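Okay, so here's the structure we're looking at.
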Number of protein chains: 2
Amino acid sequence: MNLAELTEYTRHLGTRAKTASALMAKAPAASKSQALKALARRLRDNTPALQIDNARDLERARAAGLAAPMVERLQLSPQTLETCAQGCEQLAAMPDIIGAIQGLQQQPSGIRVGRMRVPIGVFCMVYESRPNVTIEAASLSIKSGNACILRGGSEAMASNQALTALVQQALAEAGLPQDAVQLVQTTDRAAVGQLIAMPECVDLIIPRGGKGLIERISREARVPVIKHLDGNCHIYVDAPCDIAMAVQVADNAKTHKYSPCNASESLLVARPVAAEFLPKIGAIYATKGVEMRACPEALAILGAVTGAKLLPATEQDWSEEYLAPIISVKVLDGVDAAIAHINRYSSHHTDAILTMHHAHAQRFLREVDSASVLVNASTRFADGFEYGLGAEIGISTDKLHARGPVGIEGLTSLKYVVLGEGEIRH
Amino acid sequence: MNLAELTEYTRHLGTRAKTASALMAKAPAASKSQALKALARRLRDNTPALQIDNARDLERARAAGLAAPMVERLQLSPQTLETCAQGCEQLAAMPDIIGAIQGLQQQPSGIRVGRMRVPIGVFCMVYESRPNVTIEAASLSIKSGNACILRGGSEAMASNQALTALVQQALAEAGLPQDAVQLVQTTDRAAVGQLIAMPECVDLIIPRGGKGLIERISREARVPVIKHLDGNCHIYVDAPCDIAMAVQVADNAKTHKYSPCNASESLLVARPVAAEFLPKIGAIYATKGVEMRACPEALAILGAVTGAKLLPATEQDWSEEYLAPIISVKVLDGVDAAIAHINRYSSHHTDAILTMHHAHAQRFLREVDSASVLVNASTRFADGFEYGLGAEIGISTDKLHARGPVGIEGLTSLKYVVLGEGEIRH
C-alpha cells in the first residue's frame with residue numbers, strides 16, 4: 001500500500017470501529033455472553049485448523065532466524081487454545097458491569113445524581129509475538145462493550161488472521177457487529193502511526209511490548225495511552241519479621257520466573273535482621289545461580305556464603321530491571337530508608353514489605369507510590385488473574401485512570417447521570 | 001529571565017512541588033483541615049489588604065484597555081472572598097478520602113486485594129483572569145493531599161501573589177510544607193511550555209480557559225491533561241412529555257445564563273409535540289431576545305411567533321457553542337433520531353431529555369455518549385457544587401480518568417494494596 005491507500009485503510013478501520021462501538025455499548029449482556037461462549041466453542045472446534053495456520057507463522061519465523069524464545073512465544077498449542085477458551089467462558093459467566101449506576105444520591109436542588117459505568121468506545125491494541133493476546137484482547141473488548149482494533153506482530157499474522165476470523169464469526173452468531181473486533185491486515189508500521197493519531201475514531205491506545213515500542217507510541221500518540229514501562233520491583237525485609245517467611249517470599253519473588261515484569265529486581269534489608277536473613281537467602285540464590293549485586297555492607301555478610309555470585313552494586317543497579325537471574329541487594333536503616341529508596345528508584349510498578357510490625361506495614365502501604373503495594377506476599381502476585389479481575393489487558397504504570405493490572409473496569413469509564421422532575425437552576 | 005534562567009526556575013518549582021507532594025500524601029486529615037480553616041480565617045482577616053492588591057490589577061487592566069467583562073472577572077470583591085472562605089470551611093468539614101481502602105477481598109491464593117485512594121502527586125493548573133480560582137485550586141489541592149503549581153493570568157498577578165502568600169501561611173500554620181502550593185512568578189509564556197513537559201515532576205495538567213489555550217497545551221503536553229473543550233449542550237423534548245415542564249426547563253437551560261459551558265445551545269423536538277411546544281418556548285425566547293436558528297420544519301411553526309428572531313439553521317449551527325442568546329432548533333422523528341443527532345454533533349459535555357416515557361429515558365441515559373446525561377432537568381445543573389462534589393477544579397470532556405465535573409476524587413487515583421501472610425506464587 002502507498003501512503004494514500006494506507007491512510008484510506010486506517011480511516012476505514014477507524015470509522016467501522018466507531019460505528020460498531022455504538023452498537024456494542026448498548027448490546028444486551030446476554031448477547032455479549034453468547035458471543036464469548038460461541039468463541040470458546042469455535043476455538044475448541046478449530047484447534048486442528050489453527051495449528052496449521054500457526055505452523056505457517058512458526059516455519060517463517062524459524063526460516064527468518066528468530067530467536068528460540070521468540071519462536072516459542074509464537075506457538076499456539078492446543079493447551080494455549082484451551083486456556084483461551086476457558087478464559088472466554090469465565091468472562092461470559094462474569095456479571096456485566098456496563099450500565100450499572102453507582103452512588104445515586106439526591107442533592108439539595110431535588111435532582112438525583114449518580115454515575116453510570118460505560119465503555120470507553122474504541123481502543124487500539126498494539127502487541128508483539130504471542131497470538132493468544134488476540135483472544136484475550138478480543139474477549140475483554142466484547143465483555144466491556146467496546147470495539148477494538150488489533151495490531152499484532154507481523155510474525156504472527158497468519159495465526160492472528162485465523163483467530164480474528166473466529167472472533168468475527170462468534171460476534172455474528174450473537175447478532176453483534178463483526179467490526180467490533182478488527183485486525184490490522186497490513187504489516188506496514190506506518191499504520192500504527194496513523195491509528196494513534198485519530199482521536200475522532202480511537203479513544204485509547206494500549207501498547208504491549210518492549211520499552212522502545214511503548215515510548216515511541218506515547219511520544220507520538222494524540223489519544224490517551226495506557227502505558228506499561230519497567231517493572232523494577234522491590235522486596236523490603238523489615239525488622240522485625242518472620243525470617244523463614246521472608247526467605248521463602250524473597251526466593252519466590254526473584255526465582256519463580258525471571259522474565260515477568262512483577263519479578264523482584266532489588267532486595268532491601270533492614271540492618272537489624274541483615275546478619276540473620278542475608279546468609280539464608282544468599283545460599284538459595286547461590287544454589288539457583290542468581291547473581292547478587294550488593295552494597296558494601298551486604299557484600300561483607302554475603303561473602304561468607306559458599307558459591308555466591310557476588311558483585312559490588314553500582315548506582316545504576318538500583319534502577320535496573322534485569323529480567324534475569326540477577327538481583328541488587330542493599331542493607332539500610334529501616335522502614336523510612338526503604339520507603340525513600342523505593343520512591344526514588346522504583347518504577348512504581350510493584351513493591352513489597354515483609355514485616356511483623358503493624359505500623360511499618362501501614363506506612364509502607366500508604367507512602368510507597370507504586371501501582372501495587374504488598375505486605376507479606378510475593379511481588380509475583382501483581383497480576384489481573386491473581387487480583388480477581390477475571391482477565392488482564394495489561395498492567396499500567398501510569399497514575400491516571402488505571403493503575404496496576406487493567407481488567408474490564410479499566411476499559412470503561414463513569415459518566416454522570418441526573419434524574420430530575422423538571423428541576424431548573426436558580 | 002533568559003531561557004536558561006527560566007529552565008532553572010521551572011525545574012526548581014517542579015522539584016520543590018514533588019518533595020512537598022510526598023509530605024502532603026501522608027499528611028494527617030486533621031492537618032489538612034487545620035490548613036483549610038486557617039486559610040478561611042486569613043482570607044477574612046485580610047479582605048481589606050486584598051482589595052488593595054486587587055485594585056492594582058484592576059487599574060492596570062483598565063489602563064491596558066481590557067474589555068469590561070474581563071475587568072469584572074478580575075475583581076476580588078469582599079463577597080467573592082467570603083464565598084472562597086466558606087468553600088475552604090466546607091472542604092475542611094468534608095471527610096478525608098485519602099488512604100481509604102475499597103473492595104478488600106480475599107483471593108483463592110489467600111492474599112487479600114483492595115484499592116487505596118491516593119493523591120495524584122503534583123498537578124499544574126493554568127488559568128486566566130479570575131483570581132478566586134487560585135483559592136479554589138489551592139484548597140482542593142490541600143484537601144486531596146496533592147501539591148500544585150498555579151499559573152494564573154498575568155493580569156491577575158498582584159491578586160494571585162497576595163492570595164498565594166495567605167495559602168502558604170495557612171499551610172505553615174498547620175505544619176504542612178509551604179511548597180505544596182506555589183505560584184509561577186513569571187508571566188513568560190514559555191514557563192507553561194516547560195511545566196507541561198516535565199513528567200518527572202508534574203503528574204497532571206489542568207488548563208482552564210479558552211479553547212485555544214487548551215488545544216495548545218494538549219498538543220504540547222508530555223503529561224496527562226484534563227481537557228475541557230466545548231460545551232455544545234442539547235435539550236431534547238420527547239413525545240410524550242409534560243409540555244409546561246419542558247417549556248420551563250428549555251427556558252432555564254438557555255436563558256438562565258448565556259456564558260457558562262453548561263448552557264444549552266441546541267433544542268431538539270420530537271415531531272408529535274412540535275406544534276404544541278415550539279410556539280410556547282418560541283414566545284419566551286422572543287421576549288428574551290434569543291435568536292433561533294431553525295430547521296425548515298421548526299421555521300414553519302416558529303414563523304407564527306410574534307417578534308421571534310428567526311434564521312434558517314446551517315449545517316455549522318448544529319456544532320456551534322454560541323455562549324450567547326442564540327439557539328439552534330430542530331424537529332426530528334423521536335428518541336432514536338435525537339440520540340443519533342446528539343452523538344454526532346454534541347461536544348459530549350452535557351445533554352438532557354425531557355420525557356414522560358420510561359424506556360426513552362433509559363435509552364437516552366445509556367446511549368448518549370456524554371459526560372453528563374440528564375432526564376427532566378436543566379443542563380445548567382452540570383456543575384461540581386450541584387452534583388454534591390463540594391468543589392470543582394474543572395469539567396472534563398475526556399473519557400478517561402475523570403468525566404464531567406472534577407472534584408476531589410478526580411485529583412486522586414486508586415492503587416492496589418495486597419495483604420498477605422507470606423503467600424508465594426505457585
Side-chain angles (χ1 to χ4, degrees), chain A residues 22 25-26 99 105 107 109 111 113 116 118 120-121 203-204 219 222 224 242 245 248-249 251-253 256 343 352 354 361 363 365-367 369-378 380-382 386-388 398-401 403-405 413-425, chain B residues 22 25-26 99 105 107 109 111 113 116 118 120-121 203-204 219 222 224 242 245 248-249 251-253 256 343 352 354 361 363 365-367 369-378 380-382 386-388 398-401 403-405 413-425:
Chain A
K26 63 177 177 179
Q105 265 192 321
Q107 301 301 322
S109 62
I111 59 171
V113 180
M116 182 190 281
V118 291
I120 292 286
D203 298 291
L204 174 67
R219 206 168 42 240
R222 296 284 316 274
D242 175 336
M245 181 267 270
Q248 198 177 21
V249 173
D251 175 21
N252 182 263
H256 180 247
N343 282 340
L354 310 180
R363 290 202 36 211
L365 283 175
R366 173 116 179 213
E367 295 177 29
D369 184 23
S370 297
S372 288
V373 190
L374 300 87
V375 176
N376 295 338
S378 171
R380 289 281 292 119
F381 281 109
E386 295 293 340
Y387 282 3
D398 283 325
K399 296 177 87 169
L400 263 77
H401 187 63
R403 268 188 110 165
S413 67
L414 294 167
K415 70 180 179 189
Y416 280 97
V417 295
V418 177
L419 308 181
E421 296 178 351
E423 283 82 357
I424 58 172
R425 184 100 180 256
Chain B
K26 63 177 178 179
Q105 264 193 323
Q107 301 301 321
S109 62
I111 58 172
V113 180
M116 182 191 280
V118 291
I120 292 285
D203 298 292
L204 174 68
R219 208 169 40 241
R222 295 286 315 276
D242 175 336
M245 181 268 272
Q248 197 176 20
V249 173
D251 175 20
N252 183 262
H256 179 247
N343 282 339
L354 309 180
R363 290 200 38 212
L365 283 175
R366 172 115 180 210
E367 295 176 29
D369 185 22
S370 296
S372 287
V373 190
L374 300 86
V375 176
N376 296 338
S378 170
R380 289 281 292 119
F381 282 110
E386 294 293 340
Y387 282 4
D398 283 325
K399 296 178 86 170
L400 263 76
H401 186 65
R403 271 189 109 165
S413 69
L414 294 166
K415 70 179 179 190
Y416 280 99
V417 294
V418 177
L419 308 181
E421 297 178 348
E423 283 81 358
I424 57 172
R425 183 102 178 256

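As the structure is a prediction and not an experimental result, all values here were calculated from the model. Lettering follows sequence order; numbering is per chain, from 1.
For A/Val113, the part sitting under 4.5 Å from any heavy atom of chain B is the side chain, from C-beta outward, and nothing else. Both the backbone and the side chain of A/Val373 come within less than 4.5 Å of a heavy atom of chain B. For B/Leu354, no part lies under 4.5 angstrom from a heavy atom of chain A. Only the side chain of B/Ser109 has a heavy atom closer than 4.5 Å to any heavy atom of chain A. For a residue to count as touching a neighbouring chain, one of its non-hydrogen atoms must lie under 4.5 Å from one of that chain's; by this rule A/Ile111 touches chain B with the side chain only. Both the backbone and the side chain of A/Glu423 come within less than 4.5 Å of a heavy atom of chain B. Residue B/Glu421 touches chain A through its backbone alone, counting heavy-atom pairs closer than 4.5 Å. For a residue to count as touching a neighbouring chain, one of its non-hydrogen atoms must lie under 4.5 Å from one of that chain's; by this rule B/Val417 touches chain A with backbone and side chain alike.
In terms of heavy-atom pairs under 4.5 angstrom with chain A, the leader among B/Arg219, B/Gln248, B/Lys415, B/Met245 is B/Lys415. Here A/Leu365 is the residue among A/Asn343, A/Leu414, A/Leu419, A/Leu365 with the most heavy-atom pairs under 4.5 Å with chain B. When each of B/Gly99, B/Ser378, B/Gly121, B/Gly420 is scored by its heavy-atom pairs under 4.5 Å with chain A, the top score falls to B/Gly420. Taking chain B as the reference chain and counting heavy-atom pairs below 4.5 Å, the highest number among A/Ala382, A/Ala371, A/Gly404 is found for A/Ala371.
Listed here is the closest heavy atom pair of A/Tyr387 and B/Gln107: O-NE2, 3.5 Å. Closest heavy-atom contact between A/Ile424 and B/Val249: CG2-CA, 3.8 Å.
Here the straight-line distance linking atom CG of A/Asp369 with atom CG of B/Asp203 works out to 7.5 Å at 0.5 Å rounding.
Shown here are the ring-ring contact (aromatic ring centres under 6.0 Å, His included) partners of B/Phe381, two or more places apart in sequence or in another chain: there are none. Residues meeting the salt bridge (charged side-chain N to carboxylate O under 4.0 Å, His left out) test with A/Arg380, sequence neighbours left out: none.
When each of B/Arg366, B/Lys399, B/Arg403 is checked for a side-chain contact (heavy atoms from CB on, under 4.5 Å) with A/Val118, only B/Arg403 meets the rule.
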